[in-house]
Amino acid sequence: MAVSKSRPAIGAALFFGVAFSLAVYFTFAAVQGDYGLFRRAEISAQTQLLEKELVMMQAEVARMENLTKRLSDDYLDLDLVDQQARSVLGMLRSDEMVIR
């Protein structure tokens, strides 16, 4: 009668070890890699912040375009000219008094 030696299946253990290692590596890369879930959430938050900043900048540009139009040769707003002369040049009308 032949005695069969039960040898551990090294090939199967090696295969499952490599497969498990690859699964752990790819799972880690999918969550924390350059294109992972955390990076995607960070990019999404940054996108929202930049969109808010864009809206604020567009409002500022519209305000400055309005002021520029009001000071142009085609359309002159005398109240705005008066305001600018007072703030930039420190000018007053003859009937005004300055109290410090």
Side-chain angles (χ1 to χ4, degrees):
M1 180 187 268
V3 178
S4 67
K5 293 183 180 180
S6 121
R7 208 172 66 161
I10 294 175
L14 184 63
F15 172 76
F16 286 115
V18 169
F20 179 74
S21 298
L22 286 174
V24 168
Y25 171 76
F26 285 120
T27 302
F28 178 80
V31 173
Q32 291 192 358
D34 290 340
Y35 303 101
L37 295 175
F38 290 151
R39 180 72 176 139
R40 184 179 179 100
E42 182 181 324
I43 289 172
S44 176
Q46 187 177 19
T47 301
Q48 291 176 353
L49 180 68
L50 290 174
E51 285 175 349
K52 289 178 184 177
E53 188 176 333
L54 175 64
V55 168
M56 288 177 15
M57 290 293 181
Q58 287 174 338
E60 180 69 16
V61 167
R63 185 186 71 79
M64 293 174 89
E65 285 176 348
N66 182 28
L67 289 174
T68 304
K69 179 183 176 225
R70 289 170 53 195
L71 287 173
S72 69
D73 292 336
D74 298 334
Y75 179 88
L76 186 62
D77 187 356
L78 295 178
D79 290 333
L80 184 60
V81 172
D82 184 53
Q83 176 188 351
Q84 291 296 323
R86 290 168 185 270
S87 66
V88 175
L89 301 176
M91 299 182 78
L92 300 173
R93 290 193 299 239
S94 61
D95 60 342
E96 293 181 330
M97 294 176 34
V98 176
I99 300 174
R100 292 186 182 178

For residues 15-27, dump all side-chain donor-acceptor pairs below 3.5 Å to protein atoms at least two apart in sequence or in another chain.
unit_1	atom_1	unit_2	atom_2	d
Ser21	OG	Gly17	O	2.9
Thr27	OG1	Ala23	O	2.7

Partners passing side-chain hydrogen bond (donor to acceptor under 3.5 Å, both in side chains) against [X] (at least two apart in sequence or in another chain):
| X | value |
| --- | --- |
| Glu42 | Arg39 |
| Glu60 | Arg63 |
| Asp82 | Arg86 |

(message) Using 0.5 Å steps for rounding, measure from the CD atom of Gln83 to the CZ atom of Arg70.
(response)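 Here the rounded value is 7.5 Å.
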
(request) Please round to the nearest 0.5 Å and tell me the distance separating atom CG of Leu67 and atom NZ of Lys69. (result) 11.5 Å

(message) Who clusters with Leu54? Use side-chain heavy atoms, under 4.5 angstrom, across I, L, V, M, F, W and Y, and order the result by chain and number.
(response) none

Those residues that, when tested against [X], pass side chain to side chain contact (heavy atoms under 4.5 Å, CB included) (two or more places apart):
| X | answer |
| --- | --- |
| Leu50 | Gln46, Glu53 |
| Thr47 | Ile43, Glu51 |
| Tyr35 | none |

(message) Going by the rule salt bridge (Lys or Arg N to Asp or Glu O under 4.0 Å), which residues pair with Asp34 if we only count those two or more places apart in sequence or in a different chain?
(response) none

(request) Spell out, yes or no, whether Met56 and Met64 are grouped together once hydrophobic residues are joined by side-chain heavy atoms under 4.5 Å, including indirect joins. (result)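 No; Met64 is not reachable from Met56 via cluster members.
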
